[in-house]
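What follows is a short report on a single structure.
In each ligand, atom 1 is the first atom listed, and ligand 1 is the first ligand listed. Treat the numbers as computed from the prediction; the structure is a model and nothing was measured.
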Amino acid sequence: MTESSIQRDKWNSKAGFIIAAAGSAIGLGNIWRFPYVAGENGGAAFVILYILFVLLIGLPVMIAELTIGRNTQKNPIGAFLKLFPKSSWKYFGVMGVLTGIGILSFYGVIAGYTIGYFVKLLLGQFDTIAGAVESQRIFEEFTANPYVSVGYLFVFLTFTGYIVLGGISAGIEKWAKILMPILFVLLIILAIRSITLDGAIKGLEFYLEPDFSKVTASTFVMALGQALFSLSLGMGAMITYGSYLSKKDNIISSAASVCFFDTLIAILAGLVMFPALFAMGMNPSGGPGLVFIVLPSIFSKFPGGIYFGAGIFLLLSVAALTSTISLLEVAVSYFVDEKKWTRKKATVLMSIFAFICGVPSALSMGSSDWLSDLPILHIGVLELMNAVFGNYSLALGSLLVAIFAGYKWGVKAVKREVHQFGNEFKYFWLWSFLIRFLCPIAISIILGYIIITGNYF
Ligand code: TRP
């Protein structure tokens with residue numbers, strides 16, 4: 001059989017693609033990472049910068065990634081090899097595959113905790129919750145147990161591998177379609193409860209009234225990194241998802257919908273978290289434990305809150321799962337397309353690899369003092385992985401995508417691909433300007449600043 005005679009799997013419909021791509025984008029990045037990063041970086045002013053970066057950098061880069069993917073019908077490495085066989089652009093693809101596994105390894109740890117919390121709530125271990133202090137103690141005790149941290153990481157990666165094995169339309173699309181809308185509704189209910197708590201107003205002020213005196217250079221870095229992370233950009237996940245997109249679909253409106261839903265869910269998660277946080281007198285810069293500490297404290301204020309809480313954590317795990325499958329899928333599609341491995345072999349081996357890479361992150365959440373506070377750097381392994389793979393690598397990757405689409409492949413080639421089947425490229429001039437000038441310049445300034453000042457974490 002020749003390569004072209006093998007029919008590549010496709011999304012069943014445009015709505016299916018949007019939901020699956022939104023499923024990749026929407027995940028712990030929105031509900032776990034966004035509120036805590038916003039909290040640590042000054043609240044509302046960060047949120048405004050974040051939204052600007054989504055519109056001016058995230059959306060244009062997403063359009064570029066989807067177009068490269070659909071045009072080549074390949075994984076990131078294969079895509080660059082197909083367009084420019086002799087160039088070194090393929091190494092960008094290699095970086096993407098590695099970044100995907102890097103993110104998957106620490107993301108899986110946090111995702112594992114969401115399953116752990118689901119089980120914990122169901123078993124009634126939160127019945128006697130006293131409030132924020134107690135929730136914090138429970139979280140720390142939970143993550144400091146190495147068997148729990150590593151065990152749930154294993155469980156989570158097993159689920160991820162299982163779904164990736166099922167392939168595109170049967171696995172990923174089917175699940176995302178059913179579960180993402182439920183998560184949305186539950187978040188709205190939670191936000192309403194959180195906003196109506198006594199003392200919630202201070203949290204709303206923190207979240208919605210910008211104080212620009214709090215904006216520093218690092219706010220820009222964090223907001224950019226968060227926007228790229230949340231939209232799943234900068235490592236070829238959207239190249240891979242774009243490769244399963246049908247030629248009839250309009251890339252521009254698909255990309256815009258994904259950015260819209262992703263931002264909506266992040267903003268909503270902030271509306272759940274900040275009012276409750278201030279109502280309970282907690283510190284908004286609580287770090288990575290934030291959702292695990294704040295959410296259980298809200299549940300205790302609901303009738304039957306424990307079961308409601310269990311439902312929320314279950315859906316959080318699902319949101320995380322629709323994201324982890326996209327991280328794994330990049331590596332798997334590479335080995336399947338380029339190295340001719342079977343899907344099964346690629347999935348099993350890559351899941352095991354991600355698990356091994358994830359163990360130090362899992363142990364850095366309190367089980368090992370050394371891994372929780374690395375010498376010289378003074379941060380834990382999970383935070384280090386988060387910064388290196390979840391921030392810098394994505395910024396560098398997005399810079400390269402912008403240069404590739406804007407100059408190497410060229411904006412005209414992108415336009416041609418978008419125009420297939422009579423689809424329009426609305427605001428093509430604006431997109432060209434952003435991808436050729438604003439994106440590369442802004443990202444370079446931000447990365448350059450970091451390199452020069454040495455303010456890495
Ligand atoms: N965007 C996802 C989230 O917000 C995480 C994620 C999935 C991701 N795939 C990615 C991040 C690819 C960067 C690149 O949870």
Side-chain angles (χ1 to χ4, degrees), residues 19-38 50 53-54 57-58 61-62 64-66 69 75-76 92-93 95-114 156-157 160 163-164 172 176 179-180 183 187 222-242 255 258-259 261-270 288 291 315-334 350 354 385-398 400-401:
I19 289 181
S24 160
I26 297 168
L28 297 176
N30 309 59
I31 297 160
W32 161 70
R33 203 176 190 258
F34 176 79
Y36 97 75
V37 176
Y50 172 79
F53 283 147
V54 167
I57 297 181
V61 171
M62 181 172 296
E65 282 202 23
L66 290 177
N75 64 83
F92 165 76
M95 186 177 112
V97 168
L98 289 176
T99 303
I101 298 291
I103 296 178
L104 182 58
S105 73
F106 75 82
Y107 196 96
V109 175
I110 308 289
Y113 293 158
T114 62
F156 202 87
L157 291 178
T160 306
I163 296 199
V164 168
I172 304 179
L179 295 159
M180 298 312 286
L183 175 71
L187 276 179
M222 299 313 284
L224 174 68
Q226 176 59 28
L228 300 175
F229 184 89
S230 192
L231 295 171
S232 302
L233 296 174
M235 53 143 290
M238 288 297 161
I239 295 183
T240 308
Y241 271 33
V258 173
C259 290
F261 288 123
D262 186 67
T263 308
L264 187 69
I265 298 278
I267 303 283
L268 197 56
V291 264
L315 286 169
L316 261 185
S317 348
V318 173
L321 194 58
T322 54
S323 300
T324 50
I325 45 193
S326 73
L327 291 162
L328 185 59
E329 175 67 24
V330 173
V332 168
S333 65
Y334 163 68
M350 284 302 110
M385 300 289 282
N386 190 353
V388 172
F389 293 107
N391 214 344
Y392 298 122
S393 177
L394 299 180
L396 183 61
S398 300
L400 293 174
V401 168

- Message: For I26, is there any backbone N or O sitting under 3.5 Å from a side-chain donor or acceptor partner on S323?
- Response: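 Checking the backbone N and O of I26 against the side chain of S323, a donor-acceptor pair under 3.5 Å is found.
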Run through all N or O atoms in ligand 1 and write down each protein N or O closer than 3.5 Å, as a pair with its distance.
residue: ligand 1; atom: 1 (N); partner: S24; partner atom: O; Å: 3.3
residue: ligand 1; atom: 1 (N); partner: A25; partner atom: O; Å: 3.0
residue: ligand 1; atom: 1 (N); partner: F229; partner atom: O; Å: 2.8
residue: ligand 1; atom: 1 (N); partner: S230; partner atom: O; Å: 3.1
residue: ligand 1; atom: 1 (N); partner: S232; partner atom: OG; Å: 2.9
residue: ligand 1; atom: 4 (O); partner: A25; partner atom: O; Å: 2.8
residue: ligand 1; atom: 4 (O); partner: G29; partner atom: N; Å: 3.3
residue: ligand 1; atom: 4 (O); partner: N30; partner atom: OD1; Å: 3.4
residue: ligand 1; atom: 9 (N); partner: S232; partner atom: OG; Å: 3.3
residue: ligand 1; atom: 9 (N); partner: S326; partner atom: OG; Å: 3.0
residue: ligand 1; atom: 15 (O); partner: L28; partner atom: N; Å: 3.2
residue: ligand 1; atom: 15 (O); partner: G29; partner atom: N; Å: 2.8
residue: ligand 1; atom: 15 (O); partner: Y107; partner atom: OH; Å: 2.4

- Message: Contact between F53 and L228 at the side-chain level, heavy atoms closer than 4.5 Å - yes or no?
- Response: no
- Message: Run the side chain to side chain contact (heavy atoms under 4.5 Å, CB included) test on N386 and Y107 for me, step by step, so that the C-alpha distance in whole Å, both residues' side-chain angles and the decisive distance to 0.1 Å come before the verdict.
- Response: CA-CA 8 Å; N386 190 353; Y107 196 96; over 6 Å; no
- Can you list the steps and then say if E329 with N75 is a side chain to side chain contact (heavy atoms under 4.5 Å, CB included)? CA-CA 9 Å; E329 175 67 24; N75 64 83; over 6 Å; no
- Message: Looking only at the aromatic ring of each residue, does the gap between the centers of Y50 and F34 stay below 6.0 angstrom?
- Response: yes
- Using the side chain to side chain contact (heavy atoms under 4.5 Å, CB included) rule, take S393 and M95 through it: C-alpha gap first, then chi angles, then the decisive distance, then the call. CA-CA 8 Å; S393 177; M95 186 177 112; 4.0 Å; yes
